[in-house]
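What follows is a short report on a single structure.
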Amino acid sequence: MDWKAKRKGSTMSDQSPAKKHGDAFENLLHESRSFPPSAEFAASAVATSSLYEEAAADGPEFWARQARDILTWDRDFTQALDWSDAPFAKWFVGGTLNAAYNALDRHVEEGRGDRVAIYFEGEPGDTRSYTYAQLTEEVKKAANAFESLGVAKGDRVAVYLPMIPEAVITMLACARIGAVHSVVFGGFSADALRSRIDDAEAKLVVTADGSYRRGKPSALKPAVDEALAKPGHTVDNVLVVRRNGEPVEWNEGLDNWWHDVVDTASAEHTAVAHDSEHPLFILYTSGTTGKPKGILHTTGGFLTQTAFTHRNTFDLHPETDVYWCTADIGWVTGHSYVTYAPLVNGATQLIYEGTPDTPHQGRWWELVEKYKVSILYTAPTAIRTCMKWGRDIPQKFNLDSIRVLGSVGEPINPEAWMWYRQVIGGNGGKKDHPAPIVDTWWQTETGGHMIAPMPGVTATKPGSAQVAVPGISVDVVDEMGEPVPNGSGGFLVIKEPWPAMLRGIWGDPERFKETYWNRFDTMYFAGDGAKKDEDGDIWLLGRVDDVMNVSGHRLSTTEIESALVSHPSVAEAAVVGAADETTGEAVVAFVILRGSAKDDDDIVTTLRNHVGKEIGPIAKPRHILVVPELPKTRSGKIMRRLLKDVAEGREAGDSSTLADNTVMQQIAESLKN
Ligand code: WTA
C-alpha cells in the first residue's frame, strides 16, 4: 500500500475513522459519567499525579530512573535512549541484565522465596502452586534441559502450550539462557505453526500432549506432528509436557518427554547477563497483508515498561494482592502481563487453564472467591459474555476481594463498563466504592500499556482509555498528521519512542518502516482510529485498516481471504468484520465459487473447515456468503465498506465508484435466494 501517496490529500481509505465510527462516537459523546477515585483508594495508591510531572520534565531520563528502580542490572547502562538510527531504538544502552533473574532469583535472594508466585487451577479442578523459590528451581532445571538439547543463546524456541505453569517456565528458561521464544497460540493450526517455525527457524518446539477444554481432553501434539511431517524444517527436538495423559504418537529421535528431560535436570544454573537490547521474544501478529509479522521485543526496555505499568496501572501491592490476568500466553497480554511483569514485580498470580463456563458459568467468580483475587484483568468480550449469562451468576459468589479491574483488547462499551463496575467491582452493589476500572490501550507492537487511567489519580469514564501512561506521548491526528482539536477524531499516533516498543519485524526491517513509520514520517502509526473528547481524553474507536478484532484477537482480512482462495473451489473471496454484540466483530466472508462447487450443498462447511486448517479455529468465518460478484473499484480494489453494510444488514452505502454498479444489486438478489 502506498501510504505516501495517500498523504497527499487523497482520502485515507474507504474506512476512515470518521465514516466508520461516526455513529459509535456520537453515542459515546453522550457519555458524561465520571468516577473519581475514593479518598481511601487514593490515600494508599501506588501511582500519584507526580509521576506525570516527573515524566514530562525528564523525558527518557524518567524511564532510566524506572529501569534502575524496578530492575536489577548486572552492569548499569550509560545512555537511556539511542534514537540515532530511528525508527530502530536502543534503550538503556550498554546495560546488561537477565530477565529470568529479575523475575525469579532476586526475589529468593532478597527473602521473598516463600511467597507464592503462581497458583494454578486446571480446568478439571486440579491445583498446583509454586513459590518464588520453587519456580526459580523449575526454571533452572528447564534452562539446563534446553541447553542439553542443544539450545544456545540467540536460538529460537517455538512454544505451543496450553495455559499451564510449564508455559511460563519455558518462556523464562529461554530468557535465562538468552534463547528467543516464539509462542504460537494453541488455537492456531498445524500449518500456521509450521509457517511460524520456518520464519523464525526454531530449533526446539515445546508442546504438550494437550489440555482440557470444556470438560474434555483437547489435543495439541498431533498438530506439532503434522507441522513437522513435511521435511525441510529447522527443528532438532520436540519437548512434550504430559498434561492430559491422552495417547500420542512418538517420533523417535525428535520427541522428548518433559518429565524425562526437565525433571531430571540439575537445579543449579547461574543466569548470565545479556545485553539490554538482546532479543527476548518474537510474537507473530496479523497485519494488513497475508503474512503474519514476527514482532520482535528485546530485554531491558520491555521489562521496564511492562513492570512499571503493571505496578502503576493496576496499583499493585505485591505483598497482599492476588492478581489474575485471564489472557492466554499465546497473545501479547499473556507475555507482558502473565509471564514477565507480575513476576518481575514479585506478585502472586492465578493461572487458570480452561474456559469460563466449565463446569458452570460461575467458574471465574468461584475462582475469584477461592483465591481472593484482588486485581482482575480481562477482555470486554468476556465481560459481555458474562453479562449475557446474567448477573445472578457472579452474585452467587463473594467478590469482595476485588480492588482493581482491568480491560484490554478492544474498546469497551459503556454498558459493559458499568456492568463490570457494579456487578464485579461492586460485588453486586454491596460495596460503597466499587473497584476502579482501568481500560488499557496497547498492542503487540507496543509491548506494554500506552493509554490507561491511573486508578488512584484519574477520574475514570465508562468507555474511554483516557490518558497516556506517564512517559508516553500519544496524539490523535488528521490525515496530514496535524493534531485534531478536542471534540474531533482521527488517527492514533505515538510521538516519541518508548521503552517496550517493538524493535522490528523478524527478518524484515523494511516492512517495519513501511508498516508503522511511513504514514506520518516521525510518528508511529498504530492503525487505530480515536477521538479526543472535550476534556482531551482519548476514546479508541477500533482499527482503521484491514485488521479485524474478534473477541480481542487480531485477525487479518487478507490472511483469511488468502486461506479461502487457496481452496480449489473458490475463485475469489472478500472478508469483512461485522459488528457483533458479544465478540466485538465477527468474520464474514463473501466468496465466488468455481464451476461445479456451486452445486455442492456442503461447500460452506467445507470452506469453514479449510480456514480452520489453514489458520486455526479462531479464524473460521461466522458466515460465508456465496455471491456472483464482488464490488470493486475501477482500479480493482474490493470495496469492503459495501460488503460490511451487507454483513451488518444495512442498506449498502454509496456505490458510485464501483466499476460495475449493478454488483450490489446482484449480491442482494443472490442472498435472497
Ligand atoms: C485493540 C492487545 C480499544 C486495538 C493488547 C489495537 C484496544 C489492537 C484496546 C492490538 C483498548 C487493544 N481499547 N482497543 N483498551 N486494547 N485494542 O496486538 O485495535 O492483540 O490496535 O494487542 O487491539 O491488539 P493486540
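The chain is numbered in sequence order, starting from 1. Just so you know, ligand 1 is whichever comes first in the structure, and atom 1 is the first atom listed for that ligand.
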Considering only heavy atoms, which protein residues lie less than 4.0 Å from any atom of ligand 1?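 Ligand 1 pocket, heavy atoms under 4.0 Å: Val332, Thr333, Val408, Gly409, Glu410, Pro411, Asp439, Thr440, Trp441, Trp442, Gln443, Thr444, Asp528, Leu540, Arg543, Asn549, Arg554.
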
List for me each residue that meets side chain to side chain contact (heavy atoms under 4.5 Å, CB included) alongside [X], sequence neighbours excluded, and say none if there are none.
| X | result |
| --- | --- |
| Ala459 | Ser34, Pro36 |
| Pro279 | Val180, Leu296 |
| Ala589 | Leu564, Val575, Pro621, Ile624 |

Counting only heavy atoms not in Lys620, do more than 12 fall under 6.0 Å of its NZ?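 Correct, the count exceeds 12.
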
In a check of salt bridge (Lys or Arg N to Asp or Glu O under 4.0 Å) between Asp537 and each of Lys531, Lys461, Lys532, which one passes?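 For Asp537, the salt bridge (Lys or Arg N to Asp or Glu O under 4.0 Å) test succeeds with only one of Lys531, Lys461, Lys532, which is Lys461.
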
Check for me whether Arg503 meets the cation-pi criterion with Phe88, that is, NZ or CZ under 6.0 Å from the six-membered ring centre and within 45 degrees of the ring axis.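 Ring-cation test returns no.
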
